[in-house]
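Structure first, commentary second.
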Amino acid sequence: MLTQAPRGTKDVLPAESYRWQYLETKMRRSAALAGYREVRTPVFEHTELFARGVGDTTDIVQKEMYTFKDKGDRSITLKPEGTAGAARCFLEHNLYADALPSKMYYLDAPIFRYEAPQSGRLREHHQFGCECFGAKEATTDAELILLAFHLLKDLGISNLSVNINSIGCPKCRPLYHQALKEFLADRFDGLCPTCRERFERNPLRVLDCKEKQCRELTKDAPSMLNMLCGDCAEHFEQLQECLRSADIPFAVDARIVRGLDYYTKTVFELITRTKDGDLTVCGGGRYDHLVEQLGGPDMPAVGFGMGLERVLMLLDAEGIEIPSPGWYDAFVTYMGDNRIQAFRLTEALRKEGIRCDMDHCGRSLKAQFKYANKTGAPVTATIGDEEAAAGTVRLKRMSTGEEQTVPAGRAAETIRTMLA
RNA sequence: GUGGGUAUAGCGUAGUUGGUUAACGCGCCAGAUUGUGGCUCUGGAGAGCGUGGGUUCGAGUCCCACUACUCACCCCA
């Protein structure tokens, strides 16, 4: 269908775009408070970037990317996540040669994943994300978690839980993998069919299974947290210390496993409880080896991504109203042959910074007022023959109906006082 | 990718066991004596019933396929 947006995409209509703008404003402010500055990277990148960065065994890379050949026979992919592009940008422009850490955020960045759309899940969605390159201390991980937490809190979202975990580093994780596999191998026959498949591909995922039988079997499974190397253990301990000092509620959830290969040490999720179950609004973690893996220097980094559509969805679910800026400050109505006078008044008001409009459909005065009322304009400015002859304008406060006549030259000024 | 549900004007719905020009609410437009909104009243425009086949004298109502939307699984923001 020509008149239908592609599956999994959504239009943001003029009547609701202010909600997005509201979020954007809040997000920019939060980021700026912690020293994050905006970065804008392309919507598409070389496919290779994601294959190497995100990991070519991940679901995202294996089956969810929008990949195509451009006319120069290059394999191009629409961003399936935000971090890889930021890392590439950081590297390409040698930002590591500047003062570190290098902190950046992206906003409203379109993210594409070919998945079956459903509640809270689109093929094109938008993220706000923060990335910090060049800092290895857990204070960074903590500041990012706090940034996301306070932002959501500030927006009015309750039921927020912060879950953290550490998935170790290339030094200790293989050991854990092995231990877990050995543990699972002994119980393989008792696992559900999906978990038997997961056993090879991603054994960590088995710990997250919802099947009763699997939960029982994995109750005493070894925990990554007990097998962290000294460095990772200390880092994780420091992170918790930071979070405790910030006095925010958080839980260590050893089952958090992120679907992207680049994560090391810290991984975290901000989850909210809705009537239809839990919804992750924000996810992130540390990726100390991504930059190096892309051919850059050894460079620790942390970041998170937050789905705007999901945030908006939660605000709806909780009945949180976003203040509307309104449409017009004033509406110009006119009678008879005073169209040009009305046009000039409208333009004059706009020059004074008053958001206004006039009738463009040749409607009757009555209809013009109806329209003004519908748009929610708080003030109307009317020009009829009398006003035109006297060089005045008739102003009306729509909420009370009170009217006054003022010289045309003072219209803007008077309207401003009426709005105050 | 797999399974379930749905598909009638801009939106939300009604359409009895298949039978004349498809109904209602909201919204939209226009009026209710001369220069004015929000309430009320009146009138009007707007769909041929997701698409394509089939059954039938006749289908929005039955059958098939396709598509879209939606929910769940998987995975994720």
Side-chain angles (χ1 to χ4, degrees), chain A residues 1 3-10 13 15 54 58-64 79-83 108-129 148 152 192-195 197-198 201-202 205 208-211 256-260 267-272 276-284 303-314 331-336 338 359 361-388 394-403 405:
Chain A
M1 263 265 182
T3 56
Q4 192 165 48
R7 189 163 162 73
T9 65
K10 275 223 152 56
L13 300 177
V54 177
T58 59
D59 275 9
I60 291 182
V61 172
Q62 276 190 339
K63 44 188 207 193
E64 295 176 359
K79 276 198 269 199
E81 58 94 52
T83 302
D108 243 334
I111 301 290
F112 303 87
R113 287 183 207 160
Y114 192 87
E115 301 183 86
Q118 58 188 269
S119 176
R121 191 141 120 218
L122 298 162
R123 286 186 175 176
E124 181 195 33
H125 75 277
H126 300 79
Q127 288 190 11
F128 161 59
L152 293 171
C192 72
T194 15
C195 279
E197 280 174 40
R198 287 198 266 238
R201 217 184 57 209
N202 192 350
R205 207 81 228 174
D208 202 19
C209 188
K210 281 127 201 142
E211 294 292 327
I256 299 180
V257 184
R258 314 240 70 230
L260 299 89
V267 287
F268 63 90
E269 291 177 348
L270 271 66
I271 297 174
T272 57
D276 316 307
D278 294 350
L279 188 71
T280 302
V281 260
C282 175
F304 71 74
M306 185 182 288
L308 299 211
E309 282 85 352
R310 287 197 180 173
V311 173
L312 251 8
M313 189 188 259
L314 290 173
F331 194 84
V332 175
T333 59
Y334 70 93
M335 303 187 52
N338 299 294
D359 177 60
C361 302
R363 283 186 266 239
S364 67
L365 184 66
K366 189 190 189 88
Q368 291 178 47
F369 268 86
K370 269 191 176 167
Y371 181 79
N373 186 245
K374 220 163 345 195
T375 64
V379 174
T380 51
T382 306
I383 299 182
D385 293 339
E386 288 172 27
E387 288 79 9
R394 186 120 179 105
L395 300 177
K396 176 175 183 173
R397 189 193 296 276
M398 294 297 272
S399 59
T400 60
E402 57 181 309
E403 295 185 81
T405 301

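Chain identifiers are assigned alphabetically (A, B, ...) following the order of the sequence lines, protein sequences preceding nucleic acid strands; residue numbering begins at 1 within each chain.
Residue Leu308(A) is classed as having no contact, given no heavy-atom separation below 4.0 Å to the nucleic acid. Gly129(A) comes within 4.0 angstrom of nothing in the nucleic acid, heavy atoms only. Looking at heavy-atom distances under 4.0 Å, Gly120(A) makes contact with a base. Across all strands shown, Glu81(A) has no heavy atoms under 4.0 Å from either base or sugar-phosphate atoms.
Across the P atoms, G27(B) and U42(B) are found 14 Å apart, a figure rounded to whole Å. Distance check on atom P: A30(B) versus G50(B) gives 32 Å, rounded to whole Å. Atom P of A65(B) sits at a distance of 16 Å from the matching atom of U61(B), rounded to the whole Å. Taking atom C1' in both C28(B) and G19(B), the straight-line distance is 34 Å, to the nearest Å. C62(B) and G44(B) have their C1' atoms separated by 37 Å, given to the nearest Å. Nucleotides A68(B) and G31(B) place their P atoms 45 Å apart, quoted to the nearest Å. Taking atom P on both C71(B) and G12(B), the two are 15 Å apart, rounded to the nearest angstrom. Straight-line distance between the C1' atoms of U67(B) and C26(B): roughly 30 Å, to the nearest whole Å.
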Practice task
Give the intermediate values and the outcome of side-chain contact (heavy atoms from CB on, under 4.5 Å) for residues Lys396(A) and Thr333(A).
Solution key: CA-CA 11 Å; Lys396(A) 176 175 183 173; Thr333(A) 59; over 6 Å; no
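Neither OP1 nor OP2 of C75(B) sits under 4.0 Å from any side-chain N or O of Arg121(A). One finds a side-chain N or O of Gln118(A) lying less than 4.0 angstrom from the OP1 or OP2 phosphate oxygen of A72(B). One finds a side-chain N or O of Ser119(A) lying less than 4.0 angstrom from the OP1 or OP2 phosphate oxygen of C71(B). At C28(B), none of the side-chain N or O atoms of Lys370(A) fall inside 4.0 Å of OP1 or OP2 (strictly under the cut-off).
Among G35(B), A77(B), A30(B), the nucleotide with an atom closest to any side-chain atom of Ala367(A) is A30(B). Checking A77(B), G1(B), A30(B) against every side-chain atom of His125(A), the shortest atom distance belongs to A77(B). Of the candidates G37(B), A77(B), C69(B), G37(B) carries the atom nearest the Met398(A) side chain, counting heavy atoms from C-beta on. For Arg310(A), the listed nucleotide lying nearest its side chain is C76(B); candidates were U70(B), C76(B), G35(B).
A donor and an acceptor atom never sit less than 3.5 Å apart when one is taken from the side chain of Gln368(A) and the other from the base of U36(B). For G35(B), the base has a donor-acceptor partner in the side chain of Glu387(A) [N/O atoms by modelled type, under 3.5 angstrom]. Side-chain atoms of Arg113(A) come within donor-acceptor range of the base of A77(B), with a qualifying N/O pair under 3.5 Å. Remark: the Asn373(A) side chain and the G38(B) base include no donor-acceptor N/O pair separated by less than 3.5 Å. For a distance-only test at 3.5 Å, the side chain of Lys396(A) qualifies as a donor-acceptor partner of the base of U36(B).
Between Tyr114(A) atom OH and A77(B) atom C1' there is a gap of 19 Å when expressed in whole angstrom units. Taking atom CZ of residue Arg363(A) and atom P of nucleotide U36(B), one finds them 17 Å apart after rounding to whole Å. One interatomic measurement links the two molecules: CZ of Phe304(A) to C1' of A77(B), which rounds to 12 Å at whole-angstrom precision. For the pair Glu115(A) CD and C71(B) C1', the computed distance is 15 Å after rounding to whole Å. Counting to the nearest Å, the C1' atom of A30(B) and the CZ atom of Phe369(A) are 18 Å from each other. Put simply, CD on Gln127(A) is 13 Å from P on C76(B), counting in whole angstrom units. In this structure, the NZ atom of Lys374(A) is 4 Å from the P atom of C28(B), given to the nearest Å. Rounded to an integer number of Å, the gap from Asp278(A) CG to A72(B) C1' is 16 Å.
Searching all strands for a Watson-Crick or G-U wobble partner of G43(B) with both distances below 3.5 Å returns C29(B). Under the Watson-Crick or G-U wobble criterion, with both distances below 3.5 Å, U16(B) has no partner in any strand shown. Nucleotide A65(B): paired with U51(B) (Watson-Crick or G-U wobble, both distances less than 3.5 Å). Using Watson-Crick or G-U wobble geometry with both donor-acceptor distances under 3.5 Å, G38(B) finds no partner in any strand shown. Across all strands shown, the partner of C73(B) is G1(B), judged by Watson-Crick or G-U wobble contacts whose two distances both fall under 3.5 Å.
Here the rule is side-chain contact (heavy atoms from CB on, under 4.5 Å) with His126(A), and of Leu308(A), Leu312(A), Val311(A) only Leu308(A) fits it.
Side-chain atoms of Glu81(A) and Gln127(A), non-hydrogen and from C-beta on, never get closer than 4.5 Å to each other. With contacts defined as side-chain heavy-atom distances shorter than 4.5 Å, the pair Thr9(A)/Leu122(A) does not qualify. In this structure, the side chains of Pro6(A) and Glu124(A) stay at 4.5 Å or more apart for every pair of heavy atoms. Side chains of Pro117(A) and Arg7(A) form a contact here, defined as non-hydrogen atoms less than 4.5 Å apart. Side chains of Lys63(A) and Tyr114(A) form no contact here, defined as non-hydrogen atoms less than 4.5 Å apart.
Of all the heavy atoms in Thr405(A) and Arg394(A), the pair that sits closest is OG1-NH1, 2.7 Å.
Glycosidic conformation of G5(B): anti, with the torsion beyond 90° of 0.
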